[in-house]
Amino acid sequence: MSMNHAAESNLLASNQQKELEDLPKDYPLSTSEDEGDNDGERTHQKLLESISSLNGKDRQKLAERSEASLKVSEFNVSSEGSGEKLVLSDLLEPVKTSSSWAAVKKQLNRVKSKKTVELPLHREEIERIHREVAFNKSSQILSKWDTVVLKNRQAEQLVLPLSKPPSAFAPIEHVVSGWKAGTPLEQEIFNLLHKNKQPVIDPLLTPVEKASLKAMSLEEVKMRRAELQRARALQSYYEARARREKRIKSKKYHRILKKGKAKQALNNFEKLQKVNPAAALEELKKLDKARMMERMSLKHQNSGKWAKSKAIMAKYDLEARQAVQEQLARNKELTQKVQAASESEEEEEGQKEEEEPLVPDMVNGVQIKANGLNPWMLQNHFSDAKEAEVQKDLKDPAEPEAQETSESEEERAVVEEETLLKEFEERRSLRQKSELNHMAEPVHRRVTKDPSSQEVLSELRALSQKLITENHQSGKQERSSARTAQREEPAREEEEPVLLQRPERAQTLDELEGLGREGCVENKELPRTAVEGLQLEKNLSNHIGAPKEKKRKEQMIDLQNLLTTKSPSMMSFAVPMTVQELEDREEKGQRQMTKEAFAGDDVIRDFLKEKREAVEASKPKDLDLTLPGWGEWGGMGLRPSAKKRRQFLMKAPEGPPRKDKNLPNVFINEKRNIHAAAHQVQVLPHPFTHHQQFERTIQTPIGSTWNTQRALQKLTMPKVVTKPGHIIKPIKAEDVGYRSSSRSDLCVVQRNPKRLSIHHKKTSGE
Amino acid sequence: MDRGPWWATFNGLHRVRHDLRNLACIHTPIPRNYDPTLHPFEVPREYIRALNATKLERVFAKPFLASLDGHRDGVNCLAKNPKSLTTVLSGACDGEVKIWNLTRRKCIRTIQAHEGFVRGICTRFCGTSFFTVGDDKTVKQWKMDGPSCGEEEEPLHTILGKTVYTGIDHHWKEAVFATCGQQVDIWDEQRTNPICSMTWGFDSISSVKFNPIETFLLGSCASDRNIVLYDMRQATPLKKVILDMRTNTICWNPMEAFIFTAANEDYNLYTFDMRALDTPVMVHMDHVSAVLDVDYSPTGREFVSASFDKSIRIFPVDKSRSREVYHTKRMQHVICVKWTADSKYIMCGSDEMNIRLWKANASEKLGVLTSREKAAADYNQKLKEKFQYHPHIKRISRHRHLPKSIYSQIQEQRIMKEARRRKELNRIKHSKPGSVQMVSEKKKHIVAVVK
């Protein structure tokens, strides 16, 4: 920055100098004028002088005045003779006397006070400074793009083009505005269009159309259009419906349809009778005529081809029989004499009754639903009831499904707190009361065993109390195995009847006990699945005798082992144990140190041992294909016989001899697979800094076999996305949220005329 | 839900099954168990997939699309229409300018624009007109649309200059263009005199390019081996960098304002950050002869270079080696090259009067892709990226057939380079430690930076 400042100040200075320099331009300032001398000596001397002045110190020496001329320039006064510089005061001396020069004197005094200005910089230098300043400026402007560029380079996905193209379509007249018919063909077409008063540009309406548009208001048109649309839609709907109905082949359907129509007609007729008796009479006549025609046709005698075939079938087919009967009834009806209206109504009723079975199944379904016999609904209903039951009743042996849920609840309840137990009991008593009230509930299947359940409950409470006390005890002291065993016996005896009744409950209690003995604090979480419970349940119910006891004992021992092994770790919570541990570690460390110190002694033996081990490991292993239980007795503790084992042991073929077989102090690793090595990366590739990094990238699968759809999309996202057929323009300041400079480049260039003129001069000079 | 054994990925039957399953997936997503224990060998399976994808990429690599012939002399310059993807302009060495329709692959208009070479051609930013400069010392502006019936084919404006113009470029936003020759001139379209002329040095300038982002910046390269940057607003040159050999042309990155790439005679391309010209950001070397032209992809991630060695190469901006090389038997020295504005195609004009159209991605499938195709392509691309360092995949993906001349020259130059390196090492070895320094490849080619 300091350099920059310096450069700028220099620039300023040079500019000032330039202005000053411009001042004396009007005067004949030319040293070269005087130099047009022919004298050889003088020129020689001058040359010498100029050479001597090349050292740069007094380059701008004032030129010597060599010739007497009429016009003596005041700027070229030479002071050569005196050998010293001409001072302004020398010149002013003659002026002092006259007072008329006061103004000039003042001016000159002012000039005297000013310091001499420095020489203007060389043009090259000035340009260099200009360039430097301009470069700094523009690189500063460019630096605002740094963040954008970095962001784009590191972006996971760059979607191009950045700015969305304007979606609106330009109307045709905008596009065509500048266009005129050029070719003869186009002109001809336009002529035709004009002749018929066809519009060329939007709105594309002829005058006639325009007039018609004017005649109707917009709302009217809209309404009319809506109406028409509606009519059209209705028509098409009816057509479709008619077509659909026509296509129906079902006879039953047509029969019903026909009957429905007849009924409709009858209804209409009745209505008509009330409203317009004359018209009704005519209708009646028409109906009568139709009936007569029907009667005349003898269609309903049982003599037709169809009727005969039906009569044959009627023996076996219920439907056929029905059809025949129907026909007979019809015949009867037709051949009857016309009777009073009331009778016909009765008949109708009869018909209705007949129709009833023809009502679609849907209706039946609804009826059934209403009756509450729908199996699906029923099940829901029952399950709800069950759930309710479960919540209320904890031990209902009749329902295994419900028990599973209740079981887990029970467990939690028992283990958690005693208070909860009390609650249960309260609820229970309440329920008992309520049950007495609601004996007539729809669920009859459940048999409540009040006395037994109460018994269980009391037992349960006792056990849990014991559990708590035991917990306390275990927290205080450790017990010997013998004592625990002794304790175990009575506890079990207590349990046994309970077990017989409700095995799965006993199971939970077992566990509880176990937990209690362990002194485990986490009573709340009992890791046990329902399946496990069921299995154990079976076991218990089948043999409650010796094997079970054995198992339990085993468990006991295991637990004891656990205790004994655990004890030090439990002790380790205490402070002195940590100290002890530290000591242990120290000892170990010392041992290690000594080992390391004397490690060199056994190098050869170690190597040989290592090699032997490696050789052993690399040898192909024998394959044992013996299946226990095949051809022999199997079971726990039984091993297949030696013969079998010998028979099914597949001897591994001896591999090729090792390369280092005869080289005692060489160990050649034969594990390295050359074929695989050809596919492996040997050198860590560039962007990675650690091999683990690279390995991790390789090990994460990106395919759809291992990833969900969303993850796959994210993993396989391409770096740059371009839309086909879209022009990608260079990035703009507006695209990335920067404000683009308001001034246009052209304006700036044109506003810089001075600088430009200088450059122009320069270029023209060259 | 397993997709069969992992080694059966190339099995035809398996693939059919796979496809059917995918087809079903479109309508009803099948729940899958993603437990990794159920899908073992993920690395080998994906490796095989990557290998297959790489092989298929090479199988389908058919980049050549079309050849536009019609010029009667070598194609000297190309220009894109900034508003239309289908329109391309080309100027030939006999002064003819042709406008091409890429979809029809036909010339739609021919203009005898100049006498002698058409040295430069550029379109106006709005795409309604274009400018040409020629050996006849003129700058001409033409309408993009052809003359209507009965009209003569005439330029809108003609500017007669004093010296030959060797290049032209139009401002990206305003009615300003720049020409180069003896000096860099900035012209207002409405005037017949340049509004500003800038010069630095006395050699002829071969090309001038406006910065597409910070539009007041220009770059030019002259035959005295330098690249000069200018500021149009302040009407002054900014900085000059002198390289080992002459730079033929430069191109600015359309996504990164301060990055440009120079195509040099010493077979290399140099990508510079214009704020630090003393060290190029990257030296791109693969050509075996002078690089004549360079153009950036509109994505700014890659560029294409045309060379005298009768090939064009595509370089990633951040890699020193090319990703692709295109050549045909009949393609001679490639003089000009352009990357189309949708970043999908590349055009190159060469000595033997043809303009060739290439795909930017050799194995890319053209046309509309279904979502499944797209997903598969993306997955394959990622697989190739993931396993790109594995030797087999690397070998296959890098394998290109080259014409014998290029191949032998590569070998030759490799030997030369190795010899030079050896000599340098020997010099260091046999001189006083520290007196001879190893110069990096980036710094080696920069002679000086002049402020």
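Numbers restart at 1 for each chain; the letters A, B, ... are given by sequence-line order, proteins then strands.
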Query - Which atoms of B/Leu51 approach chain A - backbone, side chain, both or neither, heavy atom under 4.5 Å - result: neither
Query raised in the report: Could B/Asp278 and B/Lys239 be called an ion pair, given the rule that one side-chain N must be under 4.0 Å from one carboxylate O?
Result: no
Query - B/Ile186 side chain reached by B/Leu218 side chain, heavy atoms, under 4.5 Å - result: yes
Requested in this report: Under 4.5 Å, counting heavy-atom pairs only, tell me which of A/Val149, A/Thr722, A/Val148, A/Ile702 racks up the most with chain B.
Outcome: A/Ile702
Requested in this report: Among the options B/Pro391, B/Pro36, B/Pro298, pick out the one with the most heavy-atom pairs lying under 4.5 Å from chain A.
Outcome: B/Pro391
**Report entry** Geometric cation-pi criterion A/Arg131 and B/Trp200, 6.0 Å radius, 45° cone
**Finding:** yes
**Report entry** Options B/Lys382, B/Lys83, B/Lys80, ranked by heavy-atom pairs under 4.5 Å with chain A, top entry
**Finding:** B/Lys382
Query - Under 3.5 Å side-chain donor-acceptor pair for A/Gln682 and B/Tyr389 - result: no
**Report entry** Top contributor to chain A contacts, counting heavy-atom pairs under 4.5 Å, from B/Asn211, B/Asp318, B/Ile213, B/Leu366
**Finding:** B/Ile213
**Report entry** Which atoms of B/Glu256 approach chain A - backbone, side chain, both or neither, heavy atom under 4.5 Å
**Finding:** both
Requested in this report: Ignoring hydrogens and angles, state whether a donor on the side chain of B/Arg49 or A/Thr705 is under 3.5 Å from an acceptor on the partner side chain.
Outcome: yes
**Report entry** Per-residue contact mode, B/Ser84 against chain A (heavy atom under 4.5 angstrom)
**Finding:** backbone
Report summary line: Honestly, the part of B/Trp172 sitting under 4.5 Å from a heavy atom of chain A is side chain
**Report entry** Atom pair CZ/CG of B/Phe258 and B/Asn253 - distance to nearest 0.5 Å
**Finding:** 9.0 Å
Report summary line: If one checks every heavy atom of B/Glu42 against chain A at 4.5 Å, the contacting part turns out to be both
Query raised in the report: Do you know which of A/Pro184, A/Ser139, A/Pro701 has the most heavy-atom pairs with chain B at a distance under 4.5 angstrom?
Result: A/Pro701
**Report entry** Contact class of B/Lys344 relative to chain A, heavy atoms under 4.5 angstrom
**Finding:** side chain
Query raised in the report: Does a donor on one side chain sit under 3.5 Å from an acceptor on the other, for B/Arg301 and B/Tyr296?
Result: no
**Report entry** Pair B/Asn81, B/Thr123: side-chain N/O donor-acceptor within cut-off below 3.5 Å
**Finding:** no
Query raised in the report: Heavy-atom distance under 4.5 Å to chain B: side chain of A/Leu160, backbone, both or neither?
Result: side chain
Query raised in the report: Where on A/Asn707 is there a heavy atom nearer than 4.5 Å to chain B: the side chain, the backbone, both, or neither?
Result: backbone
Requested in this report: Would you mind checking which part of A/Val720 comes under 4.5 Å of any heavy atom in chain B, side chain (CB onward), backbone (N, CA, C, O), both or neither?
Outcome: side chain
Query - Pair A/Glu156 + A/Lys714, salt bridge at N-O below 4.0 Å - result: no
Query - Residue part contacting chain B, namely of A/Gln699, when any heavy atom lies under 4.5 Å - result: both
Query raised in the report: Does the side chain of A/Val681 reach to within under 4.5 Å of the side chain of A/Phe694, using non-hydrogen atoms?
Result: yes
Query raised in the report: Among A/Thr697, A/Val683, A/Thr708, A/Thr183, who wins on heavy-atom pairs under 4.5 Å with chain B?
Result: A/Thr708
Report task. Give a yes-or-no answer on whether the side chains of B/His390 and B/Tyr47 include a donor-acceptor pair shorter than 3.5 Å. Result -> no
Report summary line: Among B/Phe216, B/Trp252, B/Tyr379, the residue with the most heavy-atom pairs under 4.5 Å to chain A is B/Tyr379
Query raised in the report: If we ignore angles and hydrogens, is there a donor and acceptor under 3.5 Å between the side chains of B/His171 and B/Glu189?
Result: no
Query raised in the report: Charged N to carboxylate O under 4.0 angstrom, B/Glu214 versus A/Lys144?
Result: yes
Query raised in the report: B/Lys394 versus chain A, heavy atoms under 4.5 Å apart: side chain, backbone, both or neither?
Result: neither
Query raised in the report: What part of A/Ser143 is in contact with chain B, defined as an atom under 4.5 angstrom from a non-hydrogen atom: side chain, backbone, both or neither?
Result: both
Query raised in the report: With only heavy atoms counted, which part of A/Lys729 is less than 4.5 Å from chain B, the side chain, the backbone, both or neither?
Result: both
Query raised in the report: So which of B/Ala375, B/Ser297, B/Ala175, B/Pro254 has the biggest tally of heavy-atom pairs under 4.5 Å with chain A?
Result: B/Pro254
Query raised in the report: So which part of B/Leu383 gets closer than 4.5 Å to some heavy atom of chain A, the side chain, the backbone, both or neither?
Result: both
Query raised in the report: Ion pair present between B/Arg233 and B/Asp231, side-chain N to carboxylate O less than 4.0 angstrom?
Result: no
Report task. Go through the atoms of A/Leu158 and report whether side chain, backbone, both or neither lie under 4.5 Å from a heavy atom of chain B. Result -> side chain
Query - Note: A/Glu132-A/Arg128 ion pair, threshold 4.0 Å (strictly below) - result: yes
**Report entry** Among B/Gln182, B/Glu385, B/Met232, residue most engaged with chain A (heavy-atom pairs, under 4.5 Å)
**Finding:** B/Met232
Report summary line: Scored by heavy-atom pairs under 4.5 Å with chain B, the best of A/Gly725, A/Pro724, A/Pro685, A/Pro718 is A/Pro685
